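What you see is a predicted model; the values in this text were computed from it and never measured. Numbering of ligands and ligand atoms starts at 1, following listing order.
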Amino acid sequence: MPDTRKRSSIWLQFKDFFFVLVLSLSQFRLHGSTGLRSGSQANFFPPLEDAMLPSGSFNNRMALITGGGTGLGRAMTATLSQLGAQCIIASRKLDVLQRTAEEISSQTGNKVHAVQCDVRDPQAVSQCVDQIEALTGLPDVIINNAAGNFVCPSERLSPNAWKTITDIVLNGTAFVTLELGKRLIQNQKGASFLAITTIYAESGSGFVVPSASAKAGVEALYKSLAAEWGRYGHRFNIIQPGPIRTKGAFSRLDPTGAFEKAMIDRIPTGRLGTPAEIANLAAYVSSNYASWMSGAVIRFDGGEYVSLAGEFNELRSVTPDQWKLLEAMIRKTKGS
Ligand SMILES: CCCCCCCCC/C=C/C=C/C(=O)SCCNC(=O)CCNC(=O)[C@H](O)C(C)(C)COP(=O)(O)OP(=O)(O)OC[C@H]1O[C@@H](n2cnc3c(N)ncnc32)[C@H](O)[C@@H]1OP(=O)(O)O
Ligand SMILES: NC(=O)C1=CN([C@@H]2O[C@H](COP(=O)(O)OP(=O)(O)OC[C@H]3O[C@@H](n4cnc5c(N)ncnc54)[C@H](OP(=O)(O)O)[C@@H]3O)[C@@H](O)[C@H]2O)C=CC1
């Protein structure tokens, strides 16, 4: 190999090594800086896993959950089904949906239907709603949970990458909501619509820009319809989850696992959320106990958003001894 090529290959290997080293050191710094082992604060905030609402809260009610075959959608389906709802789960992978539907039905004794649907395609959505009408009638509860996402520097995004994410998240939610909304209005039936967005729908975030843009659009859609369609008996609410471990999200947002500990460290409750916790919240918002709730945006993130927002929050890392010194320095400025 000529000398210049050999040198550039050694440099490339060194760069990889250096990248990993910097990542590891930054983890060490972030962890060391809180003075707390990751997760120790979590002892104050144990998650409860059982269903919160009285059993039978969803008897005789039909619920559609998009993306209900996996992750958070699956957990929401399990909780609603346990509380008496007949559920329909819809997404692209029929085999995954059918497996989930059978597993949940056999645990709760309530029927879960699996319907294939790519929410990006308005015709497929319309056919899916035809199928739902035939299976259960129009639903009382609609949870727009399906999404697509991956971390990527914006300068690397192709037009199709942008279109794919915004089509699933914003157009998909709009197609499902408008198709069902119109049919429900025609039938003079009210419903609860819930959209799952995320905390960066409000702040924006680099490296997930199509998702941030589309989720912000979903929030505008739901707030607008809450105002417009109350007269037809529809409620529209939004849950913004913080990090909750699912294969779908974590494999696309933190594929090496390198960022997880730092992320947990900045959450005031010291842990990730759990699927069961968000399922309880979604069940409450979708239930008649929340019939006065519409247009609400509920942040559900263990405090992560405010923790990231405050400029001085990193001062959590200052020790009591360091505070003594700082205070003395500040007091000395009196009169200056
Ligand atoms: C710091 C630690 C973080 C830990 C987690 C913290 C969480 C807190 C907040 C979380 C918010 C979460 C939001 C979520 O939405 S998570 C949900 C994730 N679940 C999914 O995404 C499930 C569904 N996803 C998919 O099916 C695929 O991933 C998909 C790419 C979205 C869609 O699949 P498909 O339609 O088959 O598309 P493709 O044909 O494969 O691709 C379309 C175009 O996109 C380009 N592309 C795909 N992947 C990437 C990538 N990784 N980087 C860049 N570009 C990509 C692809 O190349 C296509 O474009 P083209 O080549 O120009 O045609
Ligand atoms: N987990 C987390 O930390 C957080 C998640 N969220 C949100 O929670 C929701 C659920 O995410 P999560 O459970 O983590 O991830 P998953 O990947 O498990 O869920 C995404 C679901 O969307 C479905 N889906 C994707 N594309 C389409 C499509 N074109 N048509 C129909 N369905 C589709 C997938 O099913 P299929 O592949 O069969 O189509 C899958 O079931 C999403 O809205 C996500 O943005 C928000 C903040 C944090």
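Under the 4.5 Å side-chain heavy-atom criterion for Ile, Leu, Val, Met, Phe, Trp and Tyr, I168 and V96 are members of distinct hydrophobic clusters. Both I142 and L221 sit in one connected hydrophobic cluster of ILVMFWY residues. Membership requires side-chain heavy atoms under 4.5 Å apart, directly or through other members.
Remark: the Q86 side chain and the T136 side chain contain no N/O donor-acceptor pair separated by less than 3.5 Å. For the residue pair Y200/S211, the side-chain donor-acceptor check at 3.5 Å is satisfied. Inspection of the S286 and R61 side chains reveals no N or O donor paired with an N or O acceptor under 3.5 Å.
In terms of protein heavy-atom proximity, atom 30 (N) of ligand 2 is closest to V119 N, 3.0 Å. Of all protein heavy atoms, the one lying nearest to atom 48 (C) of ligand 2 is G242 O, 3.3 Å. With respect to atom 16 (S) of ligand 1, the closest heavy atom belonging to the protein is A249 CB, 3.6 Å. For atom 10 (C) of ligand 1, the nearest non-hydrogen atom of the protein is L253 CD1, 3.7 Å. Shortest contact from atom 15 (O) of ligand 2 to any protein heavy atom: T246 OG1, 3.7 Å. Summary of contacts: the protein heavy atom closest to atom 39 (O) of ligand 2 is R92 NE, 2.7 Å. Nearest protein heavy-atom contact of atom 25 (C) of ligand 2 is A147 O, 3.3 Å. Among protein heavy atoms, the minimum distance from atom 34 (P) of ligand 1 is reached at R92 NH1, 4.2 Å. With hydrogens left out, the protein atom closest to atom 63 (O) of ligand 1 is N160 ND2, 2.9 Å, a heavy atom. Here the protein heavy atom with the shortest distance to atom 7 (C) of ligand 2 is I196 CG2, 3.7 Å. Annotation: atom 42 (C) of ligand 1 to nearest protein heavy atom, T164 OG1, 3.3 Å. Atom 17 (O) of ligand 2 has as its closest protein heavy atom G248 CA, 3.3 Å. Among all non-hydrogen protein atoms, the one lying nearest atom 18 (C) of ligand 1 is G248 O, 3.5 Å. Nearest protein heavy-atom contact of atom 38 (O) of ligand 2 is S91 OG, 2.7 Å.
Side chain of R266 to main chain of L308: no donor-acceptor pair is present (N/O by atom type, distance under 3.5 Å, no hydrogens or angles). In this structure a side-chain-to-backbone donor-acceptor pair under 3.5 Å is present from S105 to V112. Side-chain N or O atoms of N145 include one that pairs as donor or acceptor with a backbone N or O of T66 at under 3.5 Å. With hydrogens and angles disregarded, a donor-acceptor distance shorter than 3.5 Å links the side chain of E277 to the backbone of T274.
Of all the atoms in ligand 1, the ones that sit under 4.0 Å from a non-hydrogen atom of C152 are 52 (N), 53 (C). Close contacts between ligand 2 and T198 involve ligand atoms 46 (C), 47 (C) [criterion: under 4.0 Å to a heavy atom]. Each of the following atoms of ligand 2 lies closer than 4.0 Å to a heavy atom of P243: 3 (O). Near S158, meaning under 4.0 Å from one of its heavy atoms, ligand 1 places the atoms 59 (O), 60 (P), 62 (O). For ligand 2, the atoms sitting less than 4.0 Å from at least one non-hydrogen atom of D118 are 28 (C), 29 (N), 30 (N), numbered in the order shown with element in parentheses. In the vicinity of A147, heavy-atom distances shorter than 4.0 Å reach the ligand 1 atoms 15 (O), 19 (N), 20 (C), 21 (O), 22 (C), 23 (C). Of all the atoms in ligand 2, the ones that sit under 4.0 Å from a non-hydrogen atom of A249 are 1 (N), 2 (C), 14 (O). Counting atoms of ligand 2 from 1 in the listed order, those under 4.0 Å from a heavy atom of R120 are 29 (N). Per-residue contacts place G71 under 4.0 angstrom from the following atoms of ligand 2 (heavy atoms of the residue considered): 13 (O), 18 (O). Heavy-atom contacts of F259 reach the following atoms of ligand 1: 1 (C), 2 (C) (cutoff under 4.0 Å). Distances below 4.0 Å separate heavy atoms of F250 from the following atoms of ligand 1: 5 (C). Heavy-atom contacts of G148 reach the following atoms of ligand 1: 20 (C), 21 (O), 31 (C) (cutoff under 4.0 Å).
Where the criterion is an N or O separation shorter than 3.5 Å, residue side chain and backbone included, R245 fails it with respect to ligand 2. Between N145 and ligand 2, at least one pair of N/O atoms sits closer than 3.5 Å. Not one N or O of A90 is nearer than 3.5 Å to an N or O of ligand 2, by distance alone. Taking only nitrogen or oxygen atoms, main chain and side chain alike, R252 reaches within less than 3.5 Å of ligand 1. When only interatomic distances are considered, the shortest N/O to N/O separation between N149 and ligand 1 falls below 3.5 Å. For ligand 2, the polar-atom distance check finds an N/O of T70 within less than 3.5 Å of one of the ligand's N/O atoms. Considering backbone and side-chain atoms alike, S211 places every N or O at 3.5 Å or more from each N or O of ligand 1. Looking at I244 next to ligand 2, an N or O pair under 3.5 Å apart turns up. By the 3.5 Å distance cut-off applied to N or O atoms, L72 is counted among the residues near ligand 2.
For the side chain to side chain contact (heavy atoms under 4.5 Å, CB included) test with L194, the passing option among L281, I143, I238, N144 is I143; the others fail.
Within a 4.0 Å radius of atom 40 (O) of ligand 1, the protein contributes no heavy atom. Note that atom 24 (N) of ligand 1 has protein non-hydrogen atoms nearby, at separations under 4.0 angstrom. For atom 57 (O) of ligand 1, no protein heavy-atom neighbour is present inside the 4.0 Å cut-off. Distance check on atom 1 (C) of ligand 1: some protein heavy atom falls below the 4.0 Å cut-off.
Here the straight-line distance linking atom OG of S213 with atom CD1 of I165 works out to 11.0 Å at 0.5 Å rounding.
Counting all heavy atoms, side chain and backbone alike, A78 lies closest to T108 at O-CG2, 4.2 Å.
Looking at I165 against ligand 1, only its side chain comes within 4.0 Å, counting heavy atoms. Residue contacts with ligand 2 for S211 are absent, since no atom lies close enough (heavy atoms, distance under 4.0 Å). The side chain of K215, and not its backbone, has at least one atom closer than 4.0 Å to an atom of ligand 2 (non-hydrogen atoms only; side chain from C-beta on). Under 4.0 Å from ligand 2, the heavy atoms of I168 that appear belong solely to its side chain. Here L97 has no heavy atoms under 4.0 Å from ligand 2, in either its backbone or its side chain.
Heavy-atom separations between R120 and ligand 1 include at least one value shorter than 4.0 Å. Contact annotation: G148 has no heavy atom less than 4.0 Å from any atom of ligand 2. Contact between M263 and ligand 1 is present, with at least one heavy atom of the residue lying under 4.0 Å from the ligand. By the 4.0 Å heavy-atom criterion, T197 is counted among the residues contacting ligand 2. For C117, the closest heavy-atom approach to ligand 2 falls below 4.0 Å.
Ranked by closest heavy atom to atom 54 (N) of ligand 1, the top entry among W162, F207, F150 is F150.
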